[in-house]
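Have a look at the structure below before the remarks.
Fair warning: this is a prediction, and the values are worked out from it, not measured in the lab.
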Amino acid sequence: MHSAVLLIEFGSIILGLGLLGRFAGRYRLSPIPLYLLAGLAFGEGGLLPLGASEEFVATGAEIGVILLLLMLGLEYTAGDLVTNLKSHYPAGLVDCAFNAVPGAVAALLLGWGPVAAVVLAGVTWISSSGVIAKVLGDLGRVGNRETPVILSVLVLEDLAMAVYLPIVTALVAGAGLMTGSITLAVALAAAGLVLFVAVRYGRLISRFVSSDDPEKLLLVVLGLTILVAGVAQQLQVSAAVGAFLVGIALSGEVAEGAHTLLSPLRDLFAAVFFVFFGLHTDPASIPPVLLPALALALLTAVTKIATGYWAARRAGISVKGRWRTGGALVARGEFSIVIAGLAVSAGIEPSLGPLATAYVLILVVLGPLTARFTEPLAMRLFRGRGNPDRPSDSGLPGGADGTPRPAGAEASVGD
């Protein structure tokens, strides 16, 4: 009887997510807020709380985080990451200062303590690669001159996650200074070792994993990823970081084949992850934190726009392109929820989960709007202040009409 109820509940969840995804796709919206709302509706204090399938959904949510980071790692080669780090690290530092600090200060002002401050800093810092990639495609901006700047900022944020997530994992676990330092040292050493091995021996690793049979390739890559993620979590480095490093280590045809095979699984379990986060957030706890979440969302929307403007200006992009860069980076999504989920699971601060949920809901809706309207609004407000002699910002050869960049350019931010 219990298994029948579990199948009914889980089947209903998957069916509902599919219908919500179709609705979002029809109106060119991100499905993330709809998934979060679904979790709120069927979680603690919701309209129809689920019971039998919650443990199964929790396991699916953990797999979802692992697949999100694996797929992100598959988008980049070790050489790409090293090049971006050398060339664009100032933009990464500005991004961190402008967007992580407001979150940390907000947590301290709310009286949540230093651990919650570190967590909320990450929530407000990291943009949503998935939402931004979709918005760039919808607006026909993949070939624009400013798009490589946007990608560079996102890549640096992804690299920062390899250092940040182990720190958060150690902090929320209550590890002391010595344990936390060891955890960070292990994470940095692992990341450095993987980058070195991927640069020097990436072809050998890919050849070992490679298979002409899609079934065998899927099983080997998925099994290797979950194994490494488990070992990383056992070392308190974070399962997500382990999965990310596996993705970086794979390259060429193996990475492309694994990306194609795993994309549907990633989408399924990522959706389950967002629902799981909503399930553990009581809807009644959101109204008390709605105003702080709104204020923080508006503030960090402005700081993200400023970050993008600065990074694009440094890269020699013209004024219109600078505003488009800033507007495109506003959306927060999957990683903000991943970070908040670590603190929620550890019971760090009861209000942190609801605030993060409201914050992401606001910015995942506002992000596509700022991407579309920041540049025309800025041009109206600052008319006459731009430099008409700057190079054209319309795009690479082909212009702003959406002419694609060379093959593989779009893939570097995720789906």
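With hydrogens and angles left out, the side-chain atoms of Asn99 and Thr300 include no donor and acceptor closer than 3.5 Å.
In plain terms, the two heavy atoms of Val119 and Ala343 that are nearest each other are CG1-CB, 3.8 Å. The two residues Val254 and Ser210 come nearest to each other via the heavy atoms CG2-CB, 3.4 Å. Closest approach of Gly21 to Pro31, counting heavy atoms only: CA-CB, 4.4 Å. The nearest pair of heavy atoms linking Leu352 to Trp112 is CD1-CZ3, 3.6 Å. Residues Leu217 and Ala258 come closest through the heavy atom pair CD2-N, 4.0 Å. The heavy-atom pair separating Ala97 from Pro102 by the smallest distance is O-CD, 4.2 Å.
A donor-acceptor pair is defined here as one N or O able to donate and one able to accept, closer than 3.5 Å; such a pair exists between the side chain of Lys304 and the backbone of Trp125. Put simply, the side chain of Glu146 never gets that close to the backbone of Ile317: no donor and acceptor are under 3.5 Å apart. Under the 3.5 Å distance criterion, the side-chain polar atoms of Tyr164 are matched with a main-chain donor or acceptor of Gly122. Using a distance-only test at 3.5 Å, with no hydrogens or angles considered, no donor-acceptor pair links the side chain of Thr374 to the main chain of Ala371. Judged by distance alone, the side chain of Thr147 and the main-chain N or O of Arg141 form a donor-acceptor pair under 3.5 Å.
Rounded to the nearest 0.5 angstrom, Ile348 CD1 and Leu171 CG are separated by 8.5 Å. Of the inter-residue distances, the one linking Ser128 atom OG with Leu363 atom CG reads 10.5 Å to the nearest 0.5 angstrom. Interatomic distance, CG of Leu67 versus CG of Leu74, reported as 10.0 Å (0.5 Å rounding). Leu298 contributes atom CG, which lies 10.5 Å from atom OG1 of Thr303 (distance to the nearest 0.5 angstrom). Atoms OG1 and CZ, from Thr325 and Arg145 in turn, are 11.5 Å apart once rounded to the nearest 0.5 Å. Of the inter-residue distances, the one linking Ile63 atom CD1 with Leu222 atom CG reads 7.5 Å to the nearest 0.5 angstrom.
Side-chain contact between Glu256 and Thr260: absent, with no pair of heavy atoms (C-beta onward) separated by less than 4.5 Å. For the pair Thr225/Leu262, no side-chain contact is recorded, criterion being any heavy-atom separation below 4.5 Å from C-beta on. Between Val123 and Leu355 there is no side-chain heavy-atom pair separated by less than 4.5 Å. Using a 4.5 Å heavy-atom threshold, the side chains of Leu40 and Ile286 count as touching.
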Just do the side-chain contact (heavy atoms from CB on, under 4.5 Å) check on Val338 and Ile126 with the steps written out, would you?
CA-CA 11 Å; Val338 169; Ile126 306 299; over 6 Å; no
Leu93/Leu156 under side-chain contact (heavy atoms from CB on, under 4.5 Å): CA gap, chis, key distance, verdict
CA-CA 9 Å; Leu93 295 176; Leu156 289 168; over 6 Å; no
Between Val330 and Leu369, is a side-chain contact (heavy atoms from CB on, under 4.5 Å) present by the stated rule, with each step listed?
CA-CA 9 Å; Val330 166; Leu369 298 178; over 6 Å; no
Give the C-alpha distance, both sets of side-chain angles, the deciding distance and a yes or no for side-chain contact (heavy atoms from CB on, under 4.5 Å) between Ile132 and Ser127.
CA-CA 8 Å; Ile132 291 170; Ser127 298; 3.7 Å; yes
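Applying the 6.0 Å contact sphere to CZ of Arg314 captures more than 12 heavy atoms from other residues, nucleotides or ligands. The number of heavy atoms from other shown groups lying within 6.0 Å of CG (Asp212) does not exceed 12. Residue Glu62 qualifies as open at atom CD: its count of foreign heavy atoms under 6.0 Å is 12 or below.
When Asn144, Ile150, Leu136 are each tested for a side chain to side chain contact (heavy atoms under 4.5 Å, CB included) with Arg324, only one passes: Asn144.
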